[in-house]
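Proteins come first, then strands; the chains are lettered A, B, ... in the order of their sequence lines, and each starts at number 1.
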Amino acid sequence: MVIPETPGSKIVAPLGDASAAAGHTGGLSARMSEGRTAGAALPEGSPNGDARTAFWLMAPALALYAVFTLLPIAATFWLSFNSSAGFNTSASFVGVGNYAKAAQDPIVWKSLVHTFLWLAYHVVMAGGLGLLLALAVSTLRITQVFFRTAFFLPHLVSLAVVGVIWANIYDPFFGLLNTALTRVGLGAFTQGWLSDPALVLFSVNVASSWQGFGLYMLLFIAGLQNIDHSLYDAAEVDGANAFQKLIYVTLPGLREVTTFVVSLAMINGLKGFATVFVMTNGGPFYQSELITTYIYRLAFQSQDHGLAAVLCILLSLLAIAITIVFNRWRARLSQ
Amino acid sequence: MSVRNREWPVALALTPVLILILAPFVWLLISSFKTEAEIGRADPFTWPADLMWRNYLDAWQIGGFGDLVGNSLINLIGVVLLSLITCAPAGYALAKIRFPGREWLFYAFILGLTVPVQAIVIPLYQVLFGLNLVNTLAGIVLVQVSNGIPFGIFLMRSFFIGVPDDLIEAAKIDGASHFQILTKVFLPISTPAVQALVIISALSTWNDFFLPLIVLISPEVQTLPLGLVRFASTYASDYRLVFSGTVISFLPIILLYILMQRRFTEGLTQGAIKG
């Protein structure tokens, strides 16, 4: 499904991607065979004619997809075994040389650790806030649309624009955050939010999570609406209080949408790029470098395509692993 | 009924959270009307003495926002239309026609759904370069459509699977071809899926940063997020311009959303769940 970074959807495509990935692979083979039997019931034209029609219906999508996605996937794989010093130079085969080089590059390891931290921050902050607000907002009747709409507003802002906005919020001199802290008597908490190496990754992630939580909130609200209301009535008859209803009815009822939101948040997080690029460009001292920003740096600034390709493979493997793990989890839940 | 009793306490408790979350918007909006000196005084809570509409005029003229908005619109309309034209027929074929290689294709699309676009960016750039599409709006449209194709196909396919085969049968007896069945029978009853595809692809295209950063090099072809980032780094010390430019870049989509929030919400959740 939908949009990660959102730069994925691409966000946003980005927006749709992960869910589709998360939602579909599960029942995949079952559905395929189902489709086949259903197909047999269709009035048969000539089977060849049907195949030809199918080809023409698929052709536009397939052509674009083959040229701009499948070919680049294959070429990335090839590139990771070759060395190339720029877009205009020819490549030479170096075997696993790039992989060895990557293993010895401390920034590769840093960016990998930062990426995992980044995912954890995003799932907890954006996913957690999305869940809490969904629980609160869904109890509202008269004002629900107002709160839902207002809480979703940050998600409409492009992550690059979010970067510009939050860089100003964090500005040490006139920024909203430090000034507000001083004004309410918490001047001791003012910081160089983006210049402190220990804090920078977290600070940038707050900006990304501010943008991201709205979509997760909407998905949780949709999940809450799907919980069978008679379960609440039954719990009430048994004398359950509000907290017990939350623990024994609501949260179990949200299990499937939770898996989905967590996988979506992780895929979105993995594609995180724009906020870091705009706010810190990976600094200070590579302390906010992610795999994606390092790929950009290597490919478009230092022109080390072989090493960048290894990171591309690493990024793809992480995304595929997340998708597989969450589909398994989902499949087990729906049994 | 206990629910109704909770309405106002919960709404009241949520209000400070709302203020906190929307504070960046309010702060930017207020600051964008201030003079340089007022911003420099570093107190975000004071009201501007005069509303400096001039800031917007300056940002619009200096930042070339007219071009940026125009490019973003061309980009968005191109991607949305081309996505519909490519994904609806392909989704129909995958849902309703038996043909050899169908399973194989399905896995190929799953791969595209999973692999982030940043992971294929080097060859992608080379392909665009080879086709002479670097620095063109056509280039960015084609790449973004391709990027969204797996999701779009899954969305349309899973919606079409739910349409009864009887409809196809009946149309075939009337002599309709698959193409006619798609355009005259399936698409008219697929508003929720089409709406989801339009909203999701529009939103992700409008907000995309990574692909435009790679593809669109000169200012006159750039889209809004890219242009704003360039503008903000060029005029980093002129806060009036940065603030009003930022407001220009998010205000239109927010107003559109407030007008159409039902459709947005439906489209996004539908896309997520069906996709």
Side-chain angles (χ1 to χ4, degrees), chain A residues 1-3 6-17 19-21 24 32 39 43 50-51 53-54 57-58 60-61 64-65 68-69 72-73 75-76 136 139 143 149-150 156-158 160-161 164-165 174 176 179 218-219 222 271 273-274 278 292 295 299 305 312 315-316 319-320 323, chain B residues 3 6-7 10-11 14 18 24 27 42 44 86-87 89-90 92-93 97-99 103 110 112-116 118-124 143 145-149 151 154 165 169 172 178 200 203-204 207-210 225 228-229 232 246 249-250 253-254 257 261 265 268-269 271-272 275:
Chain A
M1 122 103 204
V2 173
I3 312 180
T6 238
S9 119
K10 198 228 113 8
I11 68 94
V12 216
L15 184 60
D17 299 12
S19 63
H24 274 278
M32 291 301 293
D50 266 6
T53 316
L57 289 171
M58 305 261 339
L64 271 180
Y65 183 65
F68 294 109
T69 304
I73 290 177
T76 303
T139 65
T143 52
T149 307
L156 295 163
V157 184
S158 163
V161 178
V164 174
I165 296 175
F174 72 92
L176 178 62
T179 325
L218 284 190
L219 295 174
K271 295 186 194 172
F273 173 85
V278 171
T292 50
I295 288 173
H305 290 181
C312 289
L315 185 66
S316 309
I320 291 170
T323 310
Chain B
V3 165
R6 272 209 312 255
E7 174 96 21
V10 173
L14 279 177
L18 187 72
W27 172 63
T86 52
C87 294
Y92 174 85
I97 305 179
R98 287 161 53 207
F99 58 91
E103 204 153 338
I110 294 232
L113 209 46
T114 310
V115 173
Q118 287 102 338
I120 57 170
V121 64
I122 304 168
L124 189 58
V143 176
V145 170
S146 171
N147 195 228
I149 273 179
F151 168 70
F154 283 121
D165 286 344
E169 232 165 302
K172 275 203 168 169
H178 275 299
I200 289 169
L203 202 57
S204 57
N207 286 338
D208 191 12
F209 178 72
F210 184 76
L228 179 77
V229 169
T246 308
S249 68
F250 67 66
I253 183 102
I254 285 191
Y257 168 70
Q261 72 85 21
T265 311
L268 284 169
T269 42

Per-residue contact mode, [X] against chain B (heavy atom under 4.5 angstrom):
| X | value |
| --- | --- |
| A/Val164 | side chain |
| A/Ile295 | side chain |
| A/Val278 | side chain |

With sequence neighbours left out, the residues meeting side-chain hydrogen bond (donor to acceptor under 3.5 Å, both in side chains) with B/Ser146 are A/Thr69
What residues form a side-chain hydrogen bond (donor to acceptor under 3.5 Å, both in side chains) with B/Thr86, not counting sequence neighbours?
none
Partner chain B: residue of A/Leu64, A/Leu218, A/Thr292 with the largest heavy-atom pair count (under 4.5 Å)
A/Leu64
Keeping B/His178 on the side-chain end and A/Thr53 on the backbone end, is there a donor-acceptor pair under 3.5 Å?
no
Is a side-chain N or O of A/Tyr65 found less than 3.5 angstrom from the main chain of B/Gly112, in a donor-acceptor match?
yes
Which atoms of B/Leu14 come close to chain A, meaning under 4.5 Å heavy atom to heavy atom: side chain ones, backbone ones, both, or neither?
both
Interchain contact, B/Ala11 with chain A, by part (heavy-atom threshold 4.5 Å)
both
Please report the interatomic distance CZ(B/Phe250) to CG(A/Leu156), rounded to the nearest 0.5 Å.
11.0 Å
